[in-house]
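Working notes, beginning with the structure itself.
No experiment lies behind these values; they were computed from the predicted model shown. Residue numbers begin at 1 in each chain, while the letters A, B, ... track the order of the sequences.
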Amino acid sequence: MDRQQKRARLDLGTNVAATSAAHGPLLAPGFSDLIQPGCNPFNGKPYSRRYHDILRGRKELPVYGFLERLLDAVKNNQTVVVEGETGSGKTTQIPQFLVKDYARRGSKCVACTQPRRVAAMSIAQRVADEMDVQLGEEVGYSIRFEDTTGPNTLLKFMTDGMLLREAMSDPFLERMSVIVLDEAHERTLSTDVLMGLLKELLQQRKDLKCVVMSATLDAEKFQTYFEGAPLLRVPGRTFPVEIFYTPEPERDYVEAAVRTAAQIHACESAGDILVFLTGEIEIEDVCQRLRNEAQKCGPERGELVVYPLYSSLPPRQQKRIFDKAPGPRVAGGMPGRKVVVSTNIAETSLTIDGIVYVVDPGFSKQKVYNPRIRVESLLVSPISRASAKQRAGRAGRTRPGKCFRLYTEASFKSELQEQTYPEILRSKMSNVVLTLKKLGIDDLVHFDFMDPPAPETLMRALELLNYLGALDDDGALTDLGRQMAELPLDPQLAKLLLASPEYKCSNEALSVVACMSVPQIFQRPRQKQREADDAKNQFAHRDGDHPTLLNAYHAYKHHHSDPAWCSENFLSSRSLASADSVRQQLQRIMERLNIPLVSTPFDDPDYYVNLRKCILAGNFLQVAHLERGGSYLTVKDNQVVALHPSTVLDSKPPWVCYEEFVLTSRNFVRTCTAVECRWLCEIAPHYYDLQNFPKGEAKVALERCYRQIMAERAKE
DNA sequence: GAGCACTGC
């Protein structure tokens, strides 16, 4: 920390105590003169009774006494870092407080980003209520598929990804006077890119202000990154949580989790339990075991209701976690309690009130990226100390709680890393690179990322974009690349769509791409796997999973998107409905880009062939060749893979083009479609170039194919 | 012949 920063922090630090004691005036000086007394300055209407009710509660928030101080800091600095824990009220109070000085109707607004859609929506509603205005007028939100903002908007809540997209059409963010980045400590890919972008933009737009809000722990890292930014610390308001560690390391964390939850139910006083685990299968297993354990308790302990929680659970079952725990079973007995067994979804995305006990085995599934073989995969890994603290905090939202960590205190202190690696260090960069190029950032190597991705990861992204034709050999964005960046898709899928008119299948490509951009549309409940497989076979196309997706989507439309029909046929109507929204959005963008929307007639023998060629036009880097031994080798990377058992392909075609590489018990390729060697030579000769092709059976087959093509051409 | 942590555009 340099001297200037240190001084800035001290200045704030000394004054903070004084202002927190005395609640300063809410309106900025001079502002209240402009309006009728008792009227809402934002819309000139008299305040409702509810406004005053809510205001009383707002004045109790820890952040309330800091607001004037914050305004001072923002006035005197371009960037301010705010550190505030859960319950401080920073998310709702700070953005609306800035509106008074920094937003002007019809010209400038305050924007506040959130990592999640639900948060953007619900916070916007809450703040609109607090400001006593109609949601969609002075306060609105903007998320994918929904924009409630308009010409009167003074305060706009949006997802971080949405702001990034807006920056593409408005690189100087000219409509905005203050950008508030909330939940910056989560370090989502979009927030990290935005921070780098804002750091540059702040140099160019001296009138732009930026407030970076983070939970405790690493606010100083943000302060260092935004050189000279003052740090404002706001206390939180939560209840104490007592932490317990195991004296010895646990060999089997699943077993330990069951035992601990059962013990809490048997011995501890009333209050609900939250157990963190890593995935669906583990969770369903533990739920079953807990139901069995609960039977062993006497009736005086009350009933134990067990709920699983993970994102692919149908919404109706997800909502059950909010049901109240049952009362006592016998007069004078203990009330019942609920135990929620959850993935990380309960760590940040979903808050369950009434949790008093947390069981934390210390693991979660985390994305990792291996640039060498270009594979993103999920790995069960130890969580960070920050994550452990967040989990424990879930026990103290309504009253004092207890957290049982299923690891030793020594390993908490010495083995867990302080922070989870930010997503940008664990992801492929192809999409980020395309976005940055589109935003006019040419020199990616010197772009000021808070945590720069590995050079090899960036190289892989540049290479991929070059092969796809999005970047030329000098790394400059091509016309195709500019169009690809407009589509909210991975570059391969964007390329596939843009190539679709060439293969006379734009409408079909749109449907397939939409289905691939949503969670799995085929459902396979554990109890009914056979029935589900039979249902899927109705849609199966012998040449692969992509045509099968198209068939299922068509059947869905043919049955008028009927949810009952979906569930009879083991299709997720939730996924298909969102595929429909995605498809509409993509179609609108294609129309705007003047990409012709064409189809091959369904009775044409080339209907599916054209689609398969088009799939290959986007996915030609994801191809595997069947080797003599019977296993597949991925092209160029030479990874041994097997077709994922979910594939509809029942024979093993010599060449398959796949959507993703999944690393679980073995290496699998998922969503596979048979392609022909010839197509590789015709569609992607620059990639299937014999000069740069590793020796092996695939190369031999390609050589044979090229010779054949030459011979045919000679004959013509 | 087997899983898919969580977001977001």
Compare side-chain N and O positions of A:Arg670 against OP1 and OP2 of B:dC4 and report whether any pair is under 4.0 Å apart. yes

So what does A:Thr188 touch, heavy atoms closer than 4.0 Å: a base, only the sugar-phosphate, or nothing? nothing

In terms of side-chain heavy atoms of A:Arg144, which of B:dC9, B:dT7, B:dG3 is nearest? B:dC9

From CD1 of A:Ile283 over to C1' of B:dG3, roughly how many Å is that when rounded to an integer? 13 Å

Give a yes/no answer on whether the side chain of A:Thr159 brings an N or O atom under 4.0 Å of OP1 or OP2 in B:dC9. yes

Counting only side-chain N and O atoms of A:Ser364, is one of them less than 4.0 Å from OP1 or OP2 of B:dA5? no

Quick note, A:Pro645 side chain, CB onward, closest among B:dA2, B:dC4, B:dC9 is B:dA2

Classify A:Glu284 by what it touches in the nucleic acid, base, sugar-phosphate, or nothing, heavy-atom distance under 4.0 Å. nothing

Counting heavy atoms from C-beta on, name the nucleotide in B:dC9, B:dG3, B:dA5 closest to the side chain of A:Met162. B:dC9

From the options B:dA2, B:dA5, B:dC9, select the nucleotide whose nearest atom is closest to the side chain of A:Ile143. B:dC9

Under 4.0 Å between a side-chain nitrogen and a carboxylate oxygen: does that hold for A:Arg116 and A:Glu183? no

Just the rounded figure in Å: distance from C1' of B:dA5 to CD of A:Glu280. 12 Å

Check this for me: does the side-chain of A:Arg666 come within 3.5 Å of the base of B:dA2 through a donor and an acceptor? no

Nearest whole angstrom, please: distance from the P of B:dC6 to the CG of A:Leu313. 10 Å

Can a donor-acceptor pair be found between the side chains of A:Asp147 and A:Tyr141 at a distance below 3.5 Å? no

Without decimals, in angstroms, what is the distance between A:Glu282 CD and B:dA2 C1'? 16 Å

Length of the CG-P vector between A:Asp160 and B:dC9, whole Å: 8 Å

Side chain of A:Ser349 only, please: which of B:dG1, B:dC9, B:dC6 is the nearest? B:dC6

Is A:Arg117 close enough to B:dC9 that one of its side-chain N or O atoms is under 4.0 Å from OP1 or OP2 there? yes

Would you say the ring centroid of A:Phe363 lies under 6.0 angstrom from that of A:Tyr253? yes

Answer whether the closest heavy-atom distance between the side chains of A:Phe661 and A:Thr634 falls below 4.5 Å. yes

What nucleotide, of B:dA5, B:dC9, B:dC4, holds the atom closest to the side chain of A:Gln520? B:dC4

Report the nucleotide, chosen from B:dC9, B:dG3, B:dC6, that has the shortest atom-to-atom distance to any side-chain atom of A:Ser311. B:dC6

Quick one: on DNA chain B, does A:Arg426 or A:Pro488 contact a more 5' nucleotide (nearest heavy atom)? A:Arg426

Report the relative orientation of the aromatic rings in A:Tyr407 and A:Phe412; use parallel for angles under 30°, tilted for 30 to 60°, perpendicular for over 60°. parallel

Between C1' of B:dC9 and CG of A:Asp147, the distance in whole Å: 14 Å

How many Å lie between CD on A:Glu183 and C1' on B:dG8, as a whole number? 15 Å

d(CG, A:Leu189; C1', B:dC6) in whole Å: 13 Å

A:Leu378 near the nucleic acid: base, sugar-phosphate alone, or nothing, with a heavy-atom cut-off under 4.0 Å? base

Nearest to the side chain of A:Asp533 - B:dG8, B:dG1, B:dC6? B:dG1

A:Gln114 vs A:Asp160, test: side chain to side chain donor-acceptor pair (under 3.5 Å). Steps then yes/no. CA-CA 6 Å; A:Gln114 292 293 323; A:Asp160 47 11; over 6 Å; no

OP1 or OP2 of B:dA5 under 4.0 Å from side-chain N/O of A:Thr278: no

